[in-house]
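Throughout, residue positions are numbered sequentially from 1 according to the sequence presented.
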Amino acid sequence: MGEPVLAIVLAYLLLGETMSLFQLLGGIITLLGMGMYFWSKSLKYNIQNK
């Protein structure tokens, strides 16, 4: 999931490629979604171990 976002960021930093608004917004949404997924997984793990 995060690989395309990392590829866009690396192309911007290393190759001087331009980043469109849609790429930026899509990357932010993807990273937020991944963060919410892992955060919810950690909550379930913490609740089950109490």
Side-chain angles (χ1 to χ4, degrees):
M1 274 277 204
E3 189 175 332
V5 177
L6 181 62
I8 291 169
V9 171
L10 287 175
Y12 174 76
L13 294 173
L14 300 176
L15 302 175
E17 295 285 327
T18 58
M19 192 181 314
S20 72
L21 179 62
F22 289 117
Q23 288 174 326
L24 182 63
L25 290 175
I28 291 171
I29 291 169
T30 301
L31 293 177
L32 285 174
M34 289 173 56
M36 289 172 49
Y37 172 78
F38 289 116
W39 180 66
S40 70
K41 285 288 200 179
S42 70
L43 286 179
K44 287 180 185 178
Y45 179 75
N46 288 337
I47 292 171
Q48 290 175 353
N49 285 337
K50 286 186 178 184

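Here the CD-CG distance, from E3 to L10, works out to 10.5 Å after rounding to the nearest 0.5 Å. Rounding to the nearest 0.5 Å gives a distance of 13.0 Å between CG of L31 and CE of M36. Taken to the nearest 0.5 Å, the CE atom of M19 stands 6.0 Å off from the OH atom of Y12.
At a threshold of 4.5 Å between side-chain heavy atoms, the hydrophobic network of Ile, Leu, Val, Met, Phe, Trp and Tyr places F22 and I29 in two separate groups. Residues M34 and L25 are members of separate hydrophobic clusters, defined by side-chain heavy-atom contacts under 4.5 angstrom among Ile, Leu, Val, Met, Phe, Trp and Tyr. Hydrophobic clustering places I28 together with L13 (ILVMFWY residues linked when any side-chain heavy atoms are closer than 4.5 Å, directly or through intermediates). Cluster annotation: V5 is not connected to L21 through the hydrophobic network of ILVMFWY side chains, with a link wherever side-chain heavy atoms come within less than 4.5 Å. Hydrophobic clustering (side-chain heavy atoms under 4.5 Å, transitive across Ile, Leu, Val, Met, Phe, Trp, Tyr) groups I8 together with L32.
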